[in-house]
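Worksheet: the structure to be examined is printed underneath.
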Protein chains: 2
Amino acid sequence: MKTIGKLAKELSINVETVRFYERKGLIVQPLKPDSGYRIYDNTHVNQLKFILKAKALGFTLDEVASLMSLSGSCADVESMGLQKLRLIREKISDLQRLEQVIQDMTNSCKANQDPNSCPIINSLS
Amino acid sequence: MKTIGKLAKELSINVETVRFYERKGLIVQPLKPDSGYRIYDNTHVNQLKFILKAKALGFTLDEVASLMSLSGSCADVESMGLQKLRLIREKISDLQRLEQVIQDMTNSCKANQDPNSCPIINSLS
DNA sequence: TTAAACTCCGTATATAGGTACAGAGTCAAC
DNA sequence: GTTGACTCTGTACCTATATACGGAGTTTAA
C-alpha cells in the first residue's frame with residue numbers, strides 16, 4: 001500500500017506517467033479513500049513492471065494493452081510476437097540498405113580530390 | 001515557372017508540405033507577383049528533390065538544412081554522413097538484439113504445452 | 001500548529017513532420 | 001461574366017509518449 005510518489009520512485013518513473021497510464025486504461029484503477037489520494041498495491045506494481053518490460057521490447061502502449069487483454073491465449077500472444085518480429089526484420093533490412101548507401105557516399109567523399117565539390121551533395125542534387 | 005499546385009503534383013507531395021518547408025527555411029522564397037501566388041522555377045524543384053532524397057536516407061529536416069548550408073565543404077558533409085552511419089549501425093544492432101529476444105519468446109510459445117499459460121506473458125510478469 | 005512535502009484535477013507543452021480547415025481572394029475556361 | 005478550380009494566410013489538429021504547471025486540498029514531521 002503506497003501513494004503515487006512512492007510507487008513512481010520504486011519503479012523509477014514519473015508520477016505523471018503513472019496517471020497517464022491510468023488514463024489510457026493500462027493499469028487497474030487504484031483505491032481512492034476519502035482523501036482522494038490514489039493507493040497502490042503489488043498488483044499495480046506488477047502491471048507497471050509488465051508495461052515497462054514490454055515497452056523496452058518495442059511494443060507500443062496500444063500493443064501493451066492488447067497483450068494484457070490477451071493474457072490467457074498463448075497463440076494470440078505468439079502471433080503478436082511474430083508480427084513484431086516481421087516488422088523488426090523489415091526495419092533491419094531497410095537500415096542495412098541505408099547503411100550501404102551512406103557508406104558508399106562517405107567513401108566517395110574520402111576519395112574526392114576536388115575541394116570545391118562534394119560527391120554526396122552532388123548525388124543529392 | 002509554375003504555381004504551388006503544379007509543383008507539388010510534379011514532386012508527388014502535398015501543397016501544404018511545400019509551404020511547411022518554406023516556413024522552415026528549407027527552400028528559397030519563391031517569387032510572389034501582385035496576385036500573391038507563389039511562382040516556382042527549377043531551382044525550387046531541385047531543392048525539393050534534394051530534400052526528398054536526403055529525407056529518404058533518414059536525415060531529419062534539421063539535418064537537411066545543415067547539409068544544404070554545408071554544400072561547399074565536403075569534409076563537413078562526410079562527417080555528417082559518418083555520424084549518421086554510426087547511428088544507423090547502433091540502431092541495427094539494437095534491433096538485432098530485440099529480434100533475438102522476441103524470437104526466443106515466440107519459440108517458447110510454440111513449444112508450450114499448457115493452454116492456460118503463456119511463456120511470453122509469464123516472462124513479462 | 002504550522003510549514004514542507006505530497007497529491008489532486010485539468011489543461012498546456014514538447015517533439016517531428018506534417019495535414020486540415022475557414023474564409024477570402026484570384027485565375028482560367030466556357 | 002460567371003463558375004469552378006486554385007491559392008492565400010493563419011491557426012488548429014494529428015500521432016505517440018509523456019512532462020509541466022497552476023491552484024487547491026491533504027498529510028506528515030518537527
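None of these values were measured; they are calculated from a predicted model. Here is the naming used below: chain letters follow the sequence lines, and residue numbers restart at 1 for every chain.
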Say whether A:Phe20 and A:Val45 are linked into one hydrophobic cluster, either directly or through other cluster members, by side-chain heavy-atom distances under 4.5 angstrom.
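They do share one cluster, since a chain of ILVMFWY contacts under 4.5 Å joins A:Phe20 to A:Val45.
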Under a single-linkage definition using a 4.5 Å side-chain heavy-atom cutoff for Ile, Leu, Val, Met, Phe, Trp and Tyr, are B:Met68 and B:Leu57 assigned to the same hydrophobic cluster?
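Both belong to a single hydrophobic cluster.
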At a heavy-atom distance below 4.0 Å, which nucleotide of DNA chain D is the first touched by chain A, and which is the last?
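Listed 5' to 3', the contact boundaries are D:dT17 to D:dT27.
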For C:dG25, does either OP1 or OP2 sit under 4.0 Å from a side-chain N or O belonging to B:Ser35?
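For C:dG25, neither OP1 nor OP2 has a side-chain N or O of B:Ser35 closer than 4.0 Å.
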Would you please confirm or rule out a distance under 4.0 Å between OP1 or OP2 of C:dC8 and any side-chain N or O of A:Arg38?
yes
Does some side-chain heavy atom of A:Leu48 sit less than 4.5 Å from a side-chain heavy atom of A:Tyr40?
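A side-chain contact under 4.5 Å is absent here.
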In the structure I gave you, are the side-chain heavy atoms of A:Asp62 and A:Lys24 within less than 4.5 Å of one another anywhere?
yes
Any donor-acceptor N/O pair under 3.5 Å between C:dG25 base and B:Tyr37 side chain
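Yes, a donor-acceptor pair under 3.5 Å.
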Measure the distance from [atom1] on [X] to [atom2] on [N] and round it to the nearest whole Å.
X: A:Asn14; N: C:dC8; atom1: CG; atom2: P; answer: 13 Å
X: A:Arg23; N: C:dG10; atom1: CZ; atom2: C1'; answer: 9 Å
X: B:Lys32; N: C:dG25; atom1: NZ; atom2: C1'; answer: 13 Å
X: A:Glu22; N: C:dT7; atom1: CD; atom2: P; answer: 14 Å
X: A:Phe20; N: C:dA14; atom1: CZ; atom2: P; answer: 17 Å
X: A:Glu10; N: C:dC6; atom1: CD; atom2: P; answer: 16 Å
X: B:Ile4; N: C:dT26; atom1: CD1; atom2: P; answer: 17 Å

Taking for each residue the nucleotide of DNA chain D bearing the nearest heavy atom, is the 5' side occupied by B:Val15 or by A:Ile13?
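That would be B:Val15.
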Please answer whether the main-chain N or O of A:Gln29 pairs with a side-chain N or O of A:Glu22 as donor and acceptor at a distance below 3.5 Å.
no
Which nucleotide wins on minimum distance to the side chain of A:Thr3, given the candidates C:dG18, C:dA20, C:dC6?
C:dC6
Scan A:Lys9 against the nucleic acid and name what it touches under 4.0 Å (heavy atoms): base, sugar-phosphate only, or nothing.
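Result for A:Lys9 = nothing.
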Base, sugar-phosphate or nothing for B:Lys55? Non-hydrogen atoms, less than 4.0 Å.
sugar-phosphate
Would A:Arg38 and A:Arg19 count as a side-chain contact (heavy atoms from CB on, under 4.5 Å) here? Give the steps.
CA-CA 10 Å; A:Arg38 291 168 178 79; A:Arg19 282 199 283 256; 3.6 Å; yes
Ranking B:Glu16 and B:Lys24 by the position along DNA chain C of their nearest nucleotide, the one closer to 5' is B:Lys24
Check: B:Arg89/A:Gln103 side-chain N/O donor and acceptor closer than 3.5 Å:
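Yes, side-chain donor-acceptor contact under 3.5 Å.
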